[in-house]
Each structure stands twice: as C-alpha cells, then as structure tokens.
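Residue numbers count from 1 along this sequence. Keep in mind that what you see is a predicted model, and the values were worked out from it rather than measured. Hydrogens, waters and symmetry mates play no part in the numbers below; they use all other heavy atoms, side chains included.
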Amino acid sequence: MELHQVRYFLAVASTLNFTRAAEQCNVTQPALTKGIQKLEQALGGPLIYRERQLTQLTDLGKEILPMLARTLASAETARRRAKEFQRKEIAPLKIGLAPSISPSLIVDLITEIAKFVAGLNVELREGTAEKLIDLLLEGKINAAIVGDVQDIPARIDDWLLFEERYVAVLAPTHQLANRPTIGIDDLRETVLLERVGCDVAPKIQRSYFPKEPPHLGHCSGHDLHLQYLAAAGFGVVLAPEHMPCLPTLKTIPLEGDPISREVRLLAVQGRRYSPALDAFIKVARFRDWSIEVRQNEMPHVRLPEVASAPAPASTQKASGLQRIDPTARDLTRCKRAKTLACVRTDPRGH
C-alpha cells in the first residue's frame, strides 16, 4: 500500500467520479484506476463498486475510509513537520516534570528562551523521577526537573537548582489556620489530602508518622484537585513552597522545617544539545530562583553556589527569608547575562 494509492481512493470516495478524481489528483484516469486496483489487492478486497454511471463504495471501502483518511493526513503532517524542522522553523523541546514540580517554575524560562530560539515548540510530560530518567535515556524527553531522587545513573548530568521546604496548605476556616506554625502533633491529628506520586512521601512518613500512618482523606494525582478539596475544608495538603496556590487558601510553615527537598535539573551526559535544549539548561542553571519563589508568595529558598549573609534569628523565623549577599547576587546576574549572550551567538549547542 502506497500513499499515492490512498490519495487516489480518497479522491474517488469524495467525488464518486473517476474522471473528476483523476483531474483532482493530476493523473490520467487509467493511472488512477490502476493505483486503486493495486490498493484493493493489498487490502484483499474491492473498495469501489462501479457500474455504468454509478460509482459507490463497497462495505469494505466504507469501513476503511476514515482510517485511510487519517493515514494520509498523518503522513502529510509528518512531511510538513520534517520540512519545517530542516528549515529550522521549529525547535522542539520536551521537558519532563516530576509530579510535585509545578509547571509555573518553567513558564518564565520558556518565555525567555522563545525570544531568541525561533519556532520553539515545548512539550511537557509528567512522571516519577525514575520514569523520567528512563525517558531521558530513551531519548523521549530532552530534560527533566525532579525533586528528591536516589541513584542517578552515571550517564545523567544533574544540577542543583534550589532547595525548598514543604508547607501546609489549608482553608482559612480550618482549625489550624490561625497557627503561626504547624507542629508534628497537629499533623498527626489532622486529615491529610494525599498527592499520588509525591516524591517526598517517604520523608514525610519518616519525619511525622514513624509508628502510625497518617489520617489520609481524599487523594489525587493533580495538585489543583487537592487545592480545591482543601479549600472546601476536606483536609490539609503538604506541598512544596514554590507551588502556586488558590487565593482562597493559606500556607503555613511546618514547625522546625523538618521536610525539605532539592530540586534538580537532569539531562543525558554526552549528547549533543539542540539550540533549544542548550538555552533551556543555561537559563535554568543561572536563574535567580529566589525571585521565582517569592513571586509565588512562599519565600524560603536556598540557591546553590550563592553565599548568604546571616540575618537576625527573629527575622528568619518570622519571614522564612534568607538574605542574599548582594555581591554574590550581582555575580549571578552577570553570569546569567553572559549565558544569554552566548545562547544568542552560539547556536551549536553543547
């Protein structure tokens, strides 16, 4: 079965006239008839019933018509995308996110990269850290952002973006909503809404519930689902502090900040980076993530390779903020500016 045969059949099915179908396909009528006959041989039965001036599809022709239409459409789409790719009109970038990593983290990155990577086309995929590593090694995604992950293969490069704590997210009407912090005993008596696939679930279990399991209520694999359930008063969500929250919810620190995690960027070592992937990695690594988290109104992030000056204990306890050395921050901004200049002028990638 060849595509030109499929095209001939679809033309006849559309016009129910061999002469007009041949004109539509820009071939002679004998050539069109011969192509359809070869298609019928390949499929094992007649597709068109033709008697004098009457042309109709057979039952087999009617059955496979939508499938052949989709086949031709997919082939034409693939051909068009291939041409666009060769002309550099599209720059695909597939990014994997662990279940507890909010897409809000990378929206600004994509916006910034799109300014100097023409035709940027981003696909986001969600999966556990282990699944994302498999997808990276298989070449099905280009990069991944994950939380705590164990046993990273030697073939995977990883960069620490920032470290963050977990906070309690709950309705203003919840009995714990007016607490400055929420302690272990409070959580042990509270219904928790379960995030399916949470990468820090084992750490939460060890920190708060070493002997008895927590009181679990409703569950979901989507953070927004859990937030709506929390807003309705069904329980408390333990969420990473970078996670944007509904305006109807409150976020409260956990006493002593016992739960934290490192957020890392992963890519396969040794592979040649496309311009889009190269730009994404450079912008992500040199981004001032403290600003990103502060915009989400949950400021408590520690950046790698950036020195922090000590702040008064009362200030740190009240706000959760860590002061950043202005000299170090200026250095980070300079590095980032040089990185973007490099991305704009060097399209060769890694």
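The number of heavy-atom neighbours closer than 6.0 Å to CG of Asn17, taken from other residues, nucleotides and ligands shown, is above 12. No more than 12 heavy atoms of other residues, nucleotides or ligands sit less than 6.0 Å from atom OH of Tyr228. Within 6.0 Å of the CD atom in Gln269, the count of heavy atoms belonging to other residues, nucleotides or ligands exceeds 12. Remark: Glu138 CD is packed, more than 12 non-hydrogen atoms of other residues, nucleotides or ligands lying under 6.0 Å away.
A donor-acceptor contact shorter than 3.5 Å links the side chain of Asn142 to the backbone of Lys94. Panel note: side chain Thr248, backbone Ala231; no donor-acceptor pair is recorded below 3.5 Å. A donor-acceptor contact shorter than 3.5 Å is absent between the side chain of Asp157 and the backbone of Leu266. At distances below 3.5 Å, at least one donor-acceptor pair connects side-chain atoms of Thr111 with backbone N or O atoms of Val107. No donor-acceptor pair under 3.5 Å is formed between the side chain of Glu112 and the backbone N or O of Val283. Side-chain atoms of Arg264 never come within 3.5 Å of backbone atoms of Asp158 as a donor-acceptor pair (strictly under, hydrogens ignored).
Between atom CD1 of residue Ile252 and atom CG of residue Leu254 there is a gap of 9.5 Å, rounded to the nearest 0.5 Å. Within the model, atoms CG of Leu39 and CG of Leu3 stand 10.5 Å from one another, a figure rounded to the nearest 0.5 Å. The distance from the CE atom of Met67 to the CG atom of Leu72 is 14.5 Å, given to the nearest 0.5 Å.
Under the 4.5 Å side-chain criterion, counting only non-hydrogen atoms from C-beta, Val237 is not in contact with Gln227. The closest side-chain heavy-atom distance from Val167 to Ile182 is not below 4.5 Å. With contacts defined as side-chain heavy-atom distances shorter than 4.5 Å, the pair Thr251/Cys245 qualifies. The shortest side-chain heavy-atom distance between Val122 and Ile113 does not fall under the 4.5 Å cut-off. The shortest side-chain heavy-atom distance between Asn178 and Lys250 falls under the 4.5 Å cut-off. Side-chain contact between Phe9 and Leu65 is present, with heavy atoms from C-beta onward closer than 4.5 Å. For the pair Leu226 and Arg195, the minimum side-chain heavy-atom distance is below 4.5 Å. Side-chain contact between Phe280 and Val117: absent, with no pair of heavy atoms (C-beta onward) separated by less than 4.5 Å.
The two residues Leu136 and Val268 come nearest to each other via the heavy atoms O-CG2, 3.3 Å. Nearest heavy atom pair, residue Leu43 against residue Met1, reads CD2-SD, 4.3 Å. Between Val149 and Ala129, the shortest heavy-atom distance links the atoms CG2-CB, 3.8 Å. The minimum heavy-atom distance linking Leu54 with Gln56 is given by the pair CD1-NE2, 3.6 Å. Smallest separation of non-hydrogen atoms from Leu224 and Leu246: CD1-CD2, 3.9 Å. Closest of all the heavy-atom pairs between Met243 and Ser102 is SD-CB, 3.5 Å.
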Walk me through whether Leu170 and Thr190 qualify under side chain to side chain contact (heavy atoms under 4.5 Å, CB included). CA-CA 11 Å; Leu170 66 172; Thr190 300; over 6 Å; no
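Comment: Arg188 engages Asp185 in a salt bridge, judged by a side-chain N to carboxylate O separation of less than 4.0 angstrom.
Between Phe234 and His218, the two ring planes are perpendicular [angle over 60°; tilted spans 30° to 60°]. Note on ring orientation: taking the six-membered ring where Trp is involved, the planes of His4 and Tyr8 are perpendicular (angle over 60°, cut-offs 30° and 60°).
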